[in-house]
Visitor: 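Here you go, one structure.
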Amino acid sequence: MLVDSHCHLDRLDLGAYGGSLDAALDAARARGVGHFLCIGVSTDNAAVVRTLAERHADVDCSVGVHPLDVEPDAVPALDWLLGELAHPRVVAIGETGLDYHYQPESAALQQQAFRLHLEAARQTGKPLIVHTRAARADTLELLREAALPQAGVLHCFTEDWEMARAALDLGFYISLSGIVTFRNAESLREVARRVPADRLLVETDAPWLAPVPHRGKPNLPQYVREVAEFLAELRGIPFETLAEQTTGNFRCLFPLARVGR
Ligand SMILES: [Zn+2]
Ligand SMILES: [Zn+2]
């Protein structure tokens, strides 16, 4: 069984399924995807992802404000985060983090919001889902400063081995998406070969970044299978072993998730 450890079910392009999320999830289930972690990105979509998690036994959700969704007049309040995190289907915090690639001008605001999520993580003990792009030094510095006792994940990892090793040293997991299948992603494949078997997760980040051979088309949770098959071959292990390892890692990192057997 596979887990899509990071997807945006409320944003999927469901054209291929006549607009039916249930049909898209069924297609994923038929390909061995047994659990989905649906990610919160804003105060607006928190209720939406929670409703999805309440409606489907194999969906859990997180709550957070994406660094690119942080608005000057709408930095989330700690009380709001803690209130959302009290819900039993909210098994993680995020996505949060820093993205200086798309919005370098909002760096200070992103850091403020990231610190708030770190504080909520400290108070609740729930695992942290971190988005980082072109912000390596600051991301690591804030994570070190927070020194959380629990683990977290750098999701949709696109950095090099040096960054991966620093994150692993902090007790973090590394989650790989379809980007690892892209032709120009050789340095990421180097990371993918070296991440320890007990720290690796797989995700789609759907609806974005569909893996080869679906690159350029809308991404769907079922394509986590292509990511996992690619990684198994890259790491020279059977697909079943890779699936077992990454699903076991998901269970360890997100103990509140209702992952079936
Ligand atoms: Zn992200
Ligand atoms: Zn995401």
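It should be emphasised that the depicted structure is a prediction, and the values quoted were computed from it without experimental measurement. One is the number of the first residue; the rest follow in order along the sequence. Remember, it's 1-based here, ligands and their atoms both numbered in the order they're listed.
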Visitor: What is the distance from atom CZ of F172 to atom CG of L154, rounded to the nearest 0.5 Å?
Guide: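 So the gap between those two atoms works out to 6.0 Å.
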
Visitor: Not counting sequence neighbours, which residues clear salt bridge (Lys or Arg N to Asp or Glu O under 4.0 Å) with D99? List them please.
Guide: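 For D99, no residue satisfies salt bridge (Lys or Arg N to Asp or Glu O under 4.0 Å) once neighbours in sequence are set aside.
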
Visitor: Can you find a pair of side-chain heavy atoms, one from L25 and one from L9, that are under 4.5 Å apart?
Guide: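 Side-chain contact under 4.5 Å: yes.
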
Visitor: Got a list of side-chain donor-acceptor pairs under 3.5 Å for residues 78-90, not counting sequence neighbours?
Guide:
unit_1: E84; atom_1: OE1; unit_2: R50; atom_2: NH1; d: 2.7
unit_1: H87; atom_1: ND1; unit_2: R89; atom_2: N; d: 3.1
unit_1: H87; atom_1: NE2; unit_2: E54; atom_2: OE2; d: 2.8
unit_1: R89; atom_1: NE; unit_2: D60; atom_2: OD1; d: 3.1

Visitor: Quick one: do E229 and R225 satisfy salt bridge (charged side-chain N to carboxylate O under 4.0 Å, His left out)? Show the steps, please.
Guide: CA-CA 6 Å; E229 283 172 347; R225 172 128 198 162; 3.0 Å; yes

Visitor: Could you grab the protein N, O or S atoms closer than 2.8 Å to the Zn ion (ligand 2) for me?
Guide: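 Within the sphere that stays under 2.8 Å of the Zn ion (ligand 2), the protein atoms of type N, O or S are H6 NE2, H8 NE2, E95 OE2, D205 OD1.
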
Visitor: Ring pair (Phe, Tyr, Trp, His ring centres under 6.0 Å): which pairs involve residues 30-62, sequence neighbours left out?
Guide: H35-F250

